Structure formats: C-alpha cells, structure tokens
Number of protein chains: 2
Amino acid sequence: MELDHSVETCSGALAAIGDALYVIGGKWKLRIIIALQSGSKRFNELQRTVTGISARVLSNELKELEINGFITRTVHAQVPVVVEYELTEYSDTLEDVLTSLKKWGAMHRQKIRNSLQPISTEARSS
Amino acid sequence: MELDHSVETCSGALAAIGDALYVIGGKWKLRIIIALQSGSKRFNELQRTVTGISARVLSNELKELEINGFITRTVHAQVPVVVEYELTEYSDTLEDVLTSLKKWGAMHRQKIRNSLQPISTEARSS
DNA sequence: CTGTATCCGCCCGGATACTG
DNA sequence: CAGTATCCGGGCGGATACAG
C-alpha cells in the first residue's frame with residue numbers, strides 16, 4: 001500500500017511538474033517574468049534587462065507568455081510604436097515558485113562559491 | 001531609491017534564477033529527481049518512470065546530477081551489472097522548489113481543464 | 001543490465017537585413 | 001521603436017548497434 005501510494009504520488013508529481021515545465025520551462029520565461037516584476041517594460045527594455053536574449057527569441061517567448069496568460073501586450077502609440085508588456089494577475093500565482101527558486105538559487109550560488117575556494121591550501125585569494 | 005532598489009532586486013533575482021536553472025533547468029533533471037524521491041532506482045527503472053527519456057539522454061542527465069551533488073551512483077554487482085541511483089541530502093534542499101512547482105502545476109492543470117471545456121455549448125464530448 | 005559510440009536529421013536560435 | 005523574414009550553422013537528441 002505504501003509503495004502504491006508512493007508510485008501514485010510520484011506519477012502525479014511528474015504530471016504536475018510536466019505541466020508546469022510546459023508553460024514556464026525553458027531558458028527564458030521565468031527570467032522575463034522576473035524582469036517584469038519591477039513594473040511594466042517595453043520590448044527593448046526587456047531585451048536589455050534579460051541579458052543574452054535575442055530579439056527573435058524574446059518575441060517568441062513573449063507571444064507564448066501572452067497566450068498562456070502571464071503577460072499582457074498593450075500598444076500605447078502608433079507613430080513611434082510604443083508597446084508595453086505587463087504581468088497579469090495570474091502570474092502572481094507563480095509567487096511561491098519564484099520565491100523558492102530564487103532562494104534556492106542564491107543558496108546554491110553561495111554553496112558553490114564556498115566549496116570551490118578551498119582547492120589549494122594557499123588559496124587565500126580575492 | 002525605490003526604483004534602484006527594485007532594479008537591484010531584479011538583478012539579484014535574475015542571477016539567482018540563472019544559477020538555479022543552470023543546474024536544475026532543462027526538460028529532465030527535476031523529473032529524474034522526483035522519480036527518485038520515492039526511493040533509489042536503477043537505470044532501466046528510471047527510464048521507465050521518466051516517460052519519454054532515451055538511454056543516451058538519461059545517462060547524460062544522471063552524470064550532471066551526480067556532478068552537481070544531487071544523486072549518488074552505486075555499483076552493487078558486477079556480474080550482471082547492478083547500479084543504483086539515489087538522492088543525496090543536498091537534493092532535499094530542493095524541497096520547497098519541488099513542492100511549489102508541483103502545487104502550481106496541479107493548479108494550472110486544473111485551470112486549463114476548466115477553461116478549455118466551455119468552448120462549444122454542445123461540447124459534451126469525452 | 002548498464003550504459004557508450006556513431007550516425008544523422010531536425011530544430012533552435014544567432015546574425016543580418018528589412019518593414020511599419 | 002518593435003518587431004519580422006530569411007538564411008544558416010551547431011548542437012540536441014533519436015535510433016541503432018555495440019561493449020562490459
């Protein structure tokens with residue numbers, strides 16, 4: 001019984017994680033969402049904030065994020081085109097995910113920094 | 001000041017997320033970890049549990065997971081080779097990440113199921 | 001059983017040029 | 001500014017065969 005329970009739990013967990021990764025997985029989606037957490041941004045602003053992303057990829061990611069209900073795209077002017085991307089309320093539901101991931105990432109970075117220094121006994125650098 | 005603070009917070013968050021995604025990002029790593037949460041598993045067992053992964057990719061992912069300290073690889077027999085993969089204590093630090101991600105994934109799946117049904121008024125199909 | 005080596009097709013994504 | 005179109009090279013990853 002306990003084994004079955006574990007197996008079922010695992011299956012459900014795998015399915016849930018699968019669903020999550022399907023919409024917020026990949027290299028950029030979470031970064032874009034984080035970049036928008038400090039307020040709405042325009043296209044080039046986003047590209048500057050999310051370091052390393054190309055216009056082509058950013059464009060595609062923004063479309064998917066909009067389709068999945070995480071952001072809204074608003075055109076504010078036509079002459080010089082001004083477009084603004086903003087997080088929706090639904091993206092607030094990612095708060096726990098983002099918080100735990102940021103927290104873990106910071107912890108892991110610290111752990112790496114600490115464990116990589118003591119290579120040499122004379123490693124008294126920096 | 002508040003703006004600067006936001007910008008710095010965003011940068012730190014982006015860096016942290018970047019570190020996290022670097023080691024647990026991608027299509028498979030979290031699924032493998034979840035598959036091992038119900039106990040240690042062998043290679044083929046893992047391949048059966050983590051649906052869709054090929055031997056080649058599973059092998060590579062396991063190596064990276066081991067290098068990054070999430071799992072241990074133990075050889076139990078040589079004649080018919082028996083290898084066991086097991087989560088390390090360090091992978092326990094991912095608990096919050098996995099919990100929030102599973103929770104969100106389940107919520108999202110439910111939301112999708114609810115919002116996708118009412119397409120047609122006659123949509124009473126299977 | 002637990003992988004690895006090789007081949008290879010396909011797609012991701014960079015670069016560039018272009019449009020509205 | 002906010003993208004899009006096209007080209008194109010590298011690499012991801014499947015299939016298969018093979019090794020220990």
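To find a chain, count down the sequence lines: A is the first, B the second, and so on, and within it residues start at 1. Everything quoted here is computed from the prediction, not taken from an experiment.
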note = note: A/Leu58, atom CG; C/dG14, atom P; distance rounded to Å ~ 11 Å
Using nucleotides 2-4 of chain D, report all nitrogen or oxygen pairs with the protein that are shorter than 3.5 Å.
unit_1, atom_1, unit_2, atom_2, d
D/dA2, OP1, A/Arg42, NE, 2.7
D/dA2, OP1, A/Arg42, NH2, 3.4
D/dA2, OP2, A/Asn44, N, 3.2
D/dG3, OP1, A/Arg73, NE, 3.1
D/dG3, OP1, A/Arg73, NH2, 2.7
D/dG3, OP1, A/Tyr85, OH, 3.2
D/dG3, OP2, A/Tyr85, OH, 2.4
D/dT4, OP1, A/Lys63, NZ, 3.4
D/dT4, OP2, A/Ser59, OG, 2.5
D/dT4, OP2, A/Lys63, NZ, 3.3

query = How many Å lie between CG on B/Leu65 and C1' on C/dG3, as a whole number?
reply = 16 Å
remark   = Sorted by chain and residue number, the side-chain hydrogen bond (donor to acceptor under 3.5 Å, both in side chains) partners of A/Thr93 (sequence neighbours excluded) come out as B/Trp104
inquiry  = One pair to check against side-chain contact (heavy atoms from CB on, under 4.5 Å): B/Leu65 and B/Tyr85. What are the steps and the verdict?
reply    = CA-CA 10 Å; B/Leu65 286 172; B/Tyr85 293 95; over 6 Å; no
message = Checking B/Lys29 now: which residues fulfil salt bridge (charged side-chain N to carboxylate O under 4.0 Å, His left out) with it, not counting sequence neighbours?
response = B/Glu61, B/Glu64
request  = Determine: side-chain N/O of B/Ser54 to OP1/OP2 of D/dG14, distance under 4.0 Å, yes or no.
outcome  = yes
request  = Please work out whether the ring planes of A/Tyr90 and B/His108 are parallel, tilted or perpendicular, with thresholds of 30° and 60°.
outcome  = tilted
task = Just jot down the side chain to side chain contact (heavy atoms under 4.5 Å, CB included) partners of A/Ser40, sequence neighbours excluded, or say none.
result = A/Glu84, A/Glu86
request  = Under the side chain to side chain contact (heavy atoms under 4.5 Å, CB included) rule, collect the residues that match up with A/Val75, sequence neighbours excluded.
outcome  = A/Arg73, A/Gln78, A/Val83
query = When the distance from NZ of A/Lys41 to P of D/dC1 is rounded to whole Å, what number comes out?
reply = 16 Å
key: Approximate separation, where rounding is to 0.5 Å, of A/Thr88 OG1 and A/Phe70 CZ   = 7.5 Å
inquiry  = Distance check needed: C/dA15 C1' versus A/Ile53 CD1, whole Å only.
reply    = 16 Å
query = What is the distance from atom CG of A/Leu62 to atom CD1 of A/Ile71, rounded to the nearest 0.5 Å?
reply = 4.5 Å
task = With sequence neighbours excluded, tell me which residues meet side-chain hydrogen bond (donor to acceptor under 3.5 Å, both in side chains) with B/Tyr22.
result = none
note = Rounding to 0.5 Å, atoms NZ (A/Lys27) and CD1 (A/Ile32) come to a distance of 12.0 Å
remark   = Computed from five pairs at either end and rounded to 10 degrees, the angle between the axes of the helix from C/dC1-D/dG20 to C/dG20-D/dC1 is 50°
inquiry  = Going by side chain to side chain contact (heavy atoms under 4.5 Å, CB included), name the residues that satisfy it together with B/Thr99, two or more places apart in sequence or in a different chain.
reply    = B/Glu95
inquiry  = Both A/Val79 and B/Arg48 contact DNA chain C. Taking the nearest nucleotide for each, which residue is further toward the 5' end?
reply    = B/Arg48
What protein N or O atoms touch nucleotides 9-11 of chain D N or O atoms at under 3.5 angstrom, if any, and at what distances?
none

inquiry  = Does anything in residues 44-60 of chain A form a side chain to side chain donor-acceptor pair (under 3.5 Å)? List the pairs, not counting sequence neighbours.
reply    = none
request  = Applying salt bridge (charged side-chain N to carboxylate O under 4.0 Å, His left out), name anything that partners B/Arg109, two or more places apart in sequence or on another chain.
outcome  = A/Asp19
query = Looking at DNA chain D, which of residues 18-32 of chain A put a heavy atom within less than 4.0 Å of it?
reply = none
